[in-house]
There are 2 protein chains.
Amino acid sequence: MNRQKAARYRELAAALREDVQSGVYGEGGRLPSEEALAASHGVSRGTVRQALALLRAEGVVTSRRGTRRVVLEQPRVQSFAELSSFTRWARSLGEEPGGSVLDLHWRAADAIEADRLRLAPGTRVLWVLRLRTLGGEPVMVERTVYPEPVGALVAAMPADTVSVTELLEARGVVLADADHTVDLALADADDARLLDCAPAAPLLRERRRTSDPTGLPVEWSEDRYRAGTVAFTVHNSLATTALARTRSEG
Amino acid sequence: MNRQKAARYRELAAALREDVQSGVYGEGGRLPSEEALAASHGVSRGTVRQALALLRAEGVVTSRRGTRRVVLEQPRVQSFAELSSFTRWARSLGEEPGGSVLDLHWRAADAIEADRLRLAPGTRVLWVLRLRTLGGEPVMVERTVYPEPVGALVAAMPADTVSVTELLEARGVVLADADHTVDLALADADDARLLDCAPAAPLLRERRRTSDPTGLPVEWSEDRYRAGTVAFTVHNSLATTALARTRSEG
DNA sequence: TAGTGGTCTAGACCACTCG
DNA sequence: GAGTGGTCTAGACCACTAC
């Protein structure tokens, strides 16, 4: 099928991640030197460094010239896959994701949509309105726009499709990049009705454009979360950054 | 002073970033091959790859096996330094940052603060309340807690210090990692008074812990932005992620 | 001063894209 | 099949930390 062997450095990163998380070195403890890791895992120092760079980006370890790497507090990290898919995210939380398509139709892209999807205004796009639930409770209203080829795939999906993202991937659509903007919005009439909140109630809004490996936009979405249901967390460092979405602490 | 020569790959990244942004390759255009860049800049391919990895993380270019790298839409990227400092961020926007310390005192850390700063509960910490303005308009209320050594530096600062972060850095405090959580909060009485909004008005909340290169927490802060003034944006890809804060469009 | 991570090189092979 | 980026190696030197 679609299998391929993982790179050595990814395997190594996974192994080290597990060691760290099972407390082999202890929080605040020190990792072995790169040289030592290279020897003990039978790879070159370069490969060890690639693996450690991943852990660094995830906020699992620090790194500083002159000293061994230090184990940080356990971060909550999500893979790109979990971020792209509400369904995957919910499952990784151990919650039951649900959702229903409330509206779906083709229409001409307005100026904003065209800009976001890098299309000419007026190009045909598929517009979809979905309600997302977590354990049966309504949590988020999702308004998504798909360009022509992807939209056709979405439109052809059964009405009760649980995860659009997963099905798209099964159809060969590859998601590689996403731009998220998080801010605040007020519930409109639809939001209020669907999320069971007051009109003009504050919602956490995430707008997102996802692209394939070519840089071609695959979807543009505006998601509105009921207050207190989610928070977005980002770990960032001098070198790199990692995004996650969490269940709000309330 | 504190100067040091930048690494070759960072210089190269800066040069390429500039080329891309000045449209040398055009949006959607293709970069020269790694081999070609190595030759033309007189470095090895490894160094070129380090430089390109930076641009990849920033969302400036894509990368895919088998094809030249493609120029993406211009992303708004912020350095870690701009994210750590309200003042630097404001300046990079061309806006005039302002701020005033409204309250500042030593006290015993409560359970939450102790946890966030990885201290024992009851440890002495410095608590600071600040109002931040952009072009004279109140924009954000900042409640920050500093552990002992850093707190002493902050407490010793002149009351009209513009940028606490910059002054801390000048005093030798190095910021290396930050964890951000973005969600929604409702204005309490203080917020409402300071931000000139209604009590219980929705605000965009950012909670942040910043650490030094050792992994030792340096500050913990809860910032509340008036609705419509800022948004947080994140670019993330299969490999990496980059965070930014933007002036809200609304 | 010894040990460590950061940078850089030179070369190799592989997996993938595209004409 | 030619060209490209992804992975991996082996070795070198440097900057910094900590003793």
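Lettering follows sequence order; numbering is per chain, from 1.
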Minimum-distance nucleotide to B/Arg65 side chain [options: C/dC16, C/dT9, C/dT7]: C/dC16

Between residues 33-41 of chain B and DNA chain D, which residues have a heavy-atom gap below 4.0 Å? B/Ser33, B/Glu34

When the distance from CZ of A/Arg68 to C1' of D/dC16 is rounded to whole Å, what number comes out? 15 Å

For B/Gly46 and B/Arg30, take the nucleotide of DNA chain C holding the closest heavy atom to each; which residue's nucleotide lies nearer the 5' end? B/Gly46

C/dG6, OP1 or OP2 - any side-chain N/O from A/Ser63 closer than 4.0 Å? yes

Nearest to the side chain of A/Val43, which nucleotide is it out of D/dT9, D/dG5, C/dG5? D/dT9

Non-hydrogen atoms of A/Ala36 and A/Pro32 that approach each other most closely: CB-CB, 4.1 Å

Using OP1 and OP2 only, check whether a side-chain N or O of A/Thr67 sits under 4.0 Å from D/dT17. no

Would you please test B/Thr144 and B/Arg130 for side-chain contact (heavy atoms from CB on, under 4.5 Å) and show each step? CA-CA 8 Å; B/Thr144 314; B/Arg130 292 192 196 88; 3.7 Å; yes

Taking D/dG6, D/dC8, C/dT9 as options, the one with an atom nearest any side-chain atom of A/Thr47 is D/dC8

Answer yes when B/Glu166 and B/Arg88 have at least one side-chain N-carboxylate O distance shorter than 4.0 Å, and no when they do not. yes

How close do B/Pro158 and B/Leu167 get, counting heavy atoms only, and between which atoms? CD-CD2, 4.5 Å

So, does A/Arg64 get its side chain near the phosphate of D/dA18, meaning an N or O under 4.0 Å from OP1 or OP2? yes

Want to settle it: does A/Gly42 or A/Gly66 sit nearer the 5' end of DNA chain D, counting the closest nucleotide to each? A/Gly42

Out of C/dT7, D/dT4, D/dT7, minimum distance to the side chain of A/Arg10 belongs to D/dT7

Specify the separation, in whole Å, of atom CZ of B/Arg56 and atom P of D/dG5. 13 Å

Closest listed nucleotide, where the reference is the side chain of B/Arg69 and the choices are C/dC8, D/dG6, D/dC8: D/dG6

Round to the nearest Å and state the distance from A/Gln50 atom CD to C/dG5 atom C1'. 16 Å

Just the rounded figure in Å: distance from P of D/dT4 to CZ of B/Arg45. 11 Å

Strictly below 4.0 Å: does A/Arg49 bring a side-chain N or O up to OP1 or OP2 of C/dG6? yes

Between A/Arg116 and A/Glu219 (salt bridge meaning N to carboxylate O under 4.0 Å), is one present in this structure? no

Can B/Arg124 and B/Glu148 be counted as an ion pair, charged N to O under 4.0 angstrom? yes

Over how many whole Å does the gap from A/Arg8 atom CZ to D/dT7 atom P extend? 13 Å

